[in-house]
Amino acid sequence: MNYTKTDAFLKLKKHHELLTDQRTADLFAAEADRMDKLVLTLDDFIIDFSKNKIDKRALELLCRMAEEVDIKKGVQDMLNGRKINSTEKRAVLHTALRNLDKDFHVDGVNISLGIRDTLNAMCKLAEGVRNGMTTGYTGKRIMDVVNIGIGGSYLGPKMAIRALDKFKTPLINFHFIANVDPVSAERVLKRLDAETTLFIVNSKSWTTDETLTNAAVCREWLVERLGVEAVGAHFVAASSNVPAANDFGLLSANVFGFGDYVGGRYSMWGPVGLPLLIAIGEKNFLELLAGAAVVDRHFADTPFEKNLPVVMALVDLWNIEFLNIGDLAVLPYSTELALLPAYLQQLVMESLGKSVGADGEPIDFATSPLLFGQEGTCGQHSFYQMLHQGSKKIACDFIAPVISSTGDTRSQRKLLANMVAQAEALMIGQKPAETEPNAAFRTFVGDRPSNTILMRKLTPKTLGMLIALYEHRTYATALLMGINAFDQFGVELGKKLAMGIEKELAGTVGAHDPSTTLLINTIKEFIQ
């Protein structure tokens, strides 16, 4: 069942008509309790939804819609290990990786026992690398860690290490190789010393073509310098395919597995987070997990009208369905969170980019936003012109830690003032007097929706909370729309075709459309 089948949806369509000529700014005077209803808190988080063109009655109806769709059951089904990834017949339990004080079961098996054992082994390795007791083949301490992965196994660790730089050990440098472009590996490897480098291969199945290609390049580089016997001392892996990792030269004790109940874009909480664990240490990593667990409990237990991920999803749906505002700009006013938009692109668009429901039937409404963003204030000098005066309205998420990790209050006040001003300007707009020069060009229509997410300070715990908020917002949206948020068949066709074309680039060209044939032949000509 999706939201269009609910009684609340029909009532919302009628109610929306009453708001058509209303401006968001006028709703503050019309509703004395507006801030009480549309500003929600959780621990050190405050989320202000009040700059959306939504009123108390609309929120009530949206919550009723969530009840009719039965989001509560969807949440419980996930936490109880039901196979809610229906197309792949898999449970979805990335939450088990971070709720370490609870037991989770899949097909009657307690998966939490293995999760705890794996985490303990990861912590042992990480501590050894951090304190210099775990060394390379020649006995030198590890000075550089290289993560080889793509998708969630690249975006998650890289984003989190950037975000938590203040908590990172200064003794180790961290590098990331994702793109199969040979320049990607070359730029990293030329800066490294083989004797002091540890590689982490992040591939659950050990079949991801880009990751295995880059891993092979790095292995060849290491073997050229230290010999094949050194591979086991300089490579570890986050993978469930232990035999394939062994064939590559890895020791079984250094292969950290996880089940198919953890999807790539939800995987940074477990073995995929090994680079982050090495970077920030066990204590801080456990705080990251604990922060996410706070949001898990909140999502499961809090009434809809106070439930942050649910209200986030409901406001998104309101903007998409009733205001025709389908895209989202994520605007972190924090250099530490600069990689957050790229991370969320995969989380949101891979999860919601579907055109059929979980029942396999076509759907006729918009699902995924086009998500983009950049850190403030840099984005203000880039695409904010479109946000303010473009003909297409874009919803915005403004995000900021209030207290800077640097302790600089002067620059931080300037940063936060810019963020608050941008959100206000998007809502109120500007209408200059007709007699002013270029009045038409100086007009800002306004009435452009935004959420503002404030946290007291960016820490491992609050980062965990922030990511979990977006994870559950995405799942709640999928439940409302009746789609499966956990498969991603859309990425497979291009990969399959690429395997055939790769062979043709070194051999005989097969049957293709004229454009593809031209491109293959041109590449072959240039290569030769």
Side-chain angles (χ1 to χ4, degrees), residues 2-4 74 78 83-94 149-156 158-159 178-181 202-214 258-268 272 313 316-317 320-321 326-330 339-373 467 470-502 512-513 515-516 519:
N2 65 57
Y3 71 92
T4 65
M78 176 176 70
K83 296 180 180 180
I84 59 174
N85 182 351
S86 55
T87 55
E88 298 177 299
K89 296 181 172 56
R90 293 177 179 175
V92 177
L93 278 172
H94 50 279
I150 201 164
S153 59
Y154 156 69
L155 293 166
K158 187 173 184 180
M159 177 274 297
N179 196 344
V180 75
D181 183 341
N202 246 317
S203 176
K204 181 170 68 173
S205 62
W206 206 270
T207 59
T208 309
D209 186 50
E210 297 96 330
T211 299
L212 295 187
T213 298
N214 284 324
F258 51 107
D260 63 8
Y261 49 82
V262 180
R265 56 193 177 277
Y266 299 91
S267 63
M268 64 175 279
V272 166
D316 288 343
L317 187 64
I320 293 170
E321 175 63 40
D327 298 328
L328 178 64
V330 175
L339 299 181
L340 181 64
Y343 174 81
L344 295 178
Q345 281 177 335
Q346 186 199 21
L347 172 64
V348 174
M349 292 197 282
E350 200 166 81
S351 298
L352 301 180
K354 312 293 168 63
S355 57
V356 296
D359 58 4
E361 295 298 317
I363 51 181
D364 59 358
F365 50 81
T367 55
S368 175
L370 171 64
L371 190 152
F372 67 100
I467 301 306
Y470 274 93
E471 286 180 349
H472 292 321
R473 171 192 196 168
T474 302
Y475 180 43
T477 300
L479 290 170
L480 289 165
M481 294 179 171
I483 60 178
N484 181 359
F486 303 107
D487 62 14
Q488 57 278 335
F489 295 116
V491 305
E492 293 183 2
L493 177 59
K495 287 187 175 183
K496 180 180 178 181
L497 294 175
M499 294 175 65
I501 291 173
E502 182 183 354
H512 297 280
D513 63 88
S515 170
T516 303
L519 296 173

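- Residues in residues 352-372 take part in these ring pair (Phe, Tyr, Trp, His ring centres under 6.0 Å) pairs, two or more places apart or across chains: Tyr3-Phe365, Phe372-Phe383.
- For the pair Ser153 (side chain) and Ser203 (backbone), a donor-acceptor distance under 3.5 Å is absent.
- Using a 4.5 Å cut-off on side-chain heavy atoms (C-beta onward), Leu339 and Lys158 make contact.
- Distance alone, capped at 3.5 Å, places no donor-acceptor pair between the Asn85 side chain and the Asn484 backbone.
- The 12-atom threshold is not exceeded at OH of Tyr154, counting heavy atoms of other residues, nucleotides or ligands nearer than 6.0 Å.
- For Ala476 against Ala313, the heavy-atom pair with the smallest separation is CB-CB, 3.7 Å.
- Ile501 CD1 to Thr516 OG1: the interatomic distance, rounded to the nearest 0.5 Å, is 6.0 Å.
- Across every non-hydrogen atom of Met159 and Ile467, the tightest pair is CE-CD1, 3.6 Å.
- Counting only distance, with no hydrogens or angles, the side chain of Lys204 and the backbone of Ser267 share no donor-acceptor pair below 3.5 Å.
- Within a 6.0 Å radius of CD in Glu88, other residues, nucleotides and ligands contribute more than 12 heavy atoms.
- Rounding to the nearest 0.5 angstrom, the gap separating the OG atom in Ser205 from the CG atom in Asp260 is 11.5 Å.
- Between Leu370 and Asp327 the shortest heavy-atom distance is N-OD1, 3.0 Å.
- Expressed to the nearest 0.5 Å, how far CZ of Phe486 lies from NE2 of His94 amounts to 6.0 Å.
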| message | Could you go through Tyr475 and Val92, starting from their C-alpha distance and side-chain angles, then the distance that decides it, and tell me whether this counts as side-chain contact (heavy atoms from CB on, under 4.5 Å)? | response | CA-CA 11 Å; Tyr475 180 43; Val92 177; over 6 Å; no

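- Taking both residues in full, the closest heavy atoms of Ser351 and Thr474 are given as CB-CG2, 3.5 Å, listed atom of the first, atom of the second, then distance.
- Atom CG of Leu519 is separated from atom CG of Asp513 by 8.5 Å, given to the nearest 0.5 angstrom.
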Show which side-chain atoms of residues 341-349 pair as donor or acceptor with protein atoms under 3.5 Å away, not counting sequence neighbours.
residue, atom, partner, partner atom, Å
Gln345, NE2, Leu371, O, 3.0
Gln346, OE1, Gly152, N, 3.2
Gln346, NE2, Glu350, OE1, 3.4

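- Residues in residues 473-491 take part in these salt bridge (Lys or Arg N to Asp or Glu O under 4.0 Å) pairs, two or more places apart or across chains: Asp316-Arg473, Lys354-Asp487, Asp397-Arg473.
- When all heavy atoms of Ala178 and Asn214 are compared, the pair lying nearest together is O-ND2, 3.3 Å.
- Of all the heavy atoms in Ala358 and Ser86, the pair that sits closest is O-OG, 4.1 Å.
- Residues Asn202 and Thr211 form no side-chain contact, since every pair of their non-hydrogen atoms from C-beta on lies 4.5 Å or further apart.
- Here the CG-CD1 distance, from Asn2 to Ile483, works out to 10.0 Å after rounding to the nearest 0.5 Å.
- Note that CE of Met268 is 11.0 Å distant from CG of Leu155, once rounded to the nearest 0.5 Å.
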